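Scroll down for the structure; my scribbles are underneath it.
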Amino acid sequence: MSATPENLSGPAVAETMLRHNWHQAEIEALFALPFNDLLFRAHSIHRDNFEPNTVQVSTLLSIKTGACPEDCAYCPQSAHYNTGLEKERLLDTETVLAAAEQAKKSGATRFCMGAAWRKLHDRDVPAMSEIISGVKAMGLETCMTLGMLTEGQAQSLRESGLDYYNHNLDTSREYYDEIISTRTYEDRLETLRHVRASGMSVCSGGIIGMGEGRGDRAGLLMELANQPEHPESVPINLLVQVEGTPLKGVDELDPFEFVRMIAVARIIMPQSQVRLSAGRENMSDELQAMCFFAGANSIFYGEKLLTTDNPEAEHDRELFRRLGITAGNPEPCSH
Ligand code: SAM
Ligand code: DTB
Ligand code: SF4
């Protein structure tokens, strides 16, 4: 039987059922599909679950920069590497709120705040709560990424109104030791369990282009999809290579492989927001358009990520206009 749009969309519909028992081989088989078949399948699932021309926009702010005790091999903020980064103490609440106000004016709907910490200390919880209430009062969704959390800390952040907590698995279980030695995969999973138990939405994904193989990319997605609930938000970062980090100079990823990663994430986590995250500064408009077709429906918006550059906001507004994309909150829908 030849493949027609009708019989190709069959499995797409069946796959909108949420599964948490993916096998590595099944995910690798998706990666290995001919590119057009993979994209058609991912896009069909995307349409079954979301309004396909709506993309969520989040703006990032580093609220505490540099001097991090962890040794993540990709990260410009690790104290283990000399990247020439200007360290900063925790920003005061007014400075953070002024940046959030600016992000809202530019059209962001979520404000994500990151700290170069290994873990949150209890002494910093009151400051985080004050920031969260202030940002929420502006009508923005709130997200933080502050390192590892205890169960109690996750509950306190939730009670202060934090909507999302970002904590990435970063890579596969097998490749993890090549990238970080100062905390374990299990540490990360534990924080994710605390976030989930608190009732906050989970934002968890990883980075590709770190010299890993396709099996590791499949393994990362398998870990995410096989959590008891899929993360509501799945950031897929393309490594931003920073001078001074051990991963500077690693072989560049084939851009089509990045699109495949987005497509497979969309297929196996059909109702999650999949974020085309760090690395857009090095992507053409055409590559980004392909990622939106493959199922990406969230981006970071604004000139800076945490410490590295992101496309100009004006460029992104123009890109959305050229593609007929509207910035907004793409809630999962069923037809
Ligand atoms: N320190 C906290 C932590 O690691 O959980 C929060 C901040 S950390 C910078 C947040 C995430 O940014 C990391 O988990 C990683 O996935 C991503 N990231 C850091 N440096 C990156 C880079 N050079 N390229 C792409 N993503 C990066
Ligand atoms: C995520 O997955 N990517 C963002 C956010 N979560 C915190 C961070 C990207 C950081 C890129 C390197 C930098 O700007 O320092
Ligand atoms: Fe620290 Fe986070 Fe960077 Fe790792 S990714 S070095 S934990 S700031």
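The basis for the numbers below is simple: all heavy atoms, side chains too, and nothing from hydrogens, waters or symmetry mates. Order of listing sets the numbers, starting from 1, for every ligand and every atom in it. The first residue in the sequence is number 1, and the count goes up from there. Just so it is clear, the structure is predicted and the values come from calculations on it, not from any experiment.
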Item checked: L305 neighbourhood, listing ligand 2 atoms whose heavy-atom distance to it stays under 4.0 Å -> 14 (O)
Next item on the list: Give the atoms of ligand 2, by number and element, whose distance to some non-hydrogen atom of N168 is under 4.0 Å.
Entry: 1 (C), 2 (O)
Notebook entry, point to check: With no hydrogens and no angle check, do the side chains of E51 and T54 hold a donor and an acceptor under 3.5 Å apart?
Noted result: yes
Margin query: Checking S298 against R275: is there a side-chain donor and acceptor pair closer than 3.5 Å?
Written below: yes
Margin query: Using a plain distance cutoff, I'd like to know if Y74 has any nitrogen or oxygen under 3.5 Å from a nitrogen or oxygen of ligand 1.
Written below: yes
Check: Looking only at N/O atoms, are V240 and ligand 1 under 3.5 Å apart anywhere?
Finding: yes
Next item on the list: Could you list which atoms of ligand 1 come closer than 4.0 Å to a heavy atom of H167?
Entry: 5 (O)
Next item on the list: Determine, considering heavy atoms only, which of I208, T308, N168, D170 sits nearest to atom 11 (C) of ligand 1.
Entry: N168
Next item on the list: Look at atom 3 (C) of ligand 1 and find which of Q241, R183, K64 reaches it with the closest heavy atom.
Entry: R183
Note to self: Using a 4.0 Å cutoff against the non-hydrogen atoms of E70, which atoms of ligand 3 qualify?
What the structure shows: 1 (Fe), 4 (Fe), 6 (S), 7 (S)
Taking [atom] as the reference point, the nearest protein heavy atom with its distance:
atom	value
atom 7 (C) of ligand 1	A115 O, 3.8 Å
atom 17 (C) of ligand 1	I207 CD1, 4.1 Å
atom 9 (C) of ligand 1	L306 CD1, 3.5 Å

Next item on the list: Quick one: look at T307 and ligand 2, take heavy-atom pairs under 4.0 Å, and tell me if it's side chain, backbone, both or neither.
Entry: both
Notebook entry, point to check: Given that the side chain starts at C-beta and the backbone is N, CA, C, O, which of these parts of S62 lies under 4.0 Å from ligand 2, counting heavy atoms, or is it both or neither?
Noted result: neither
Notebook entry, point to check: Are any of the heavy atoms in H80 under 4.0 Å away from ligand 3?
Noted result: no
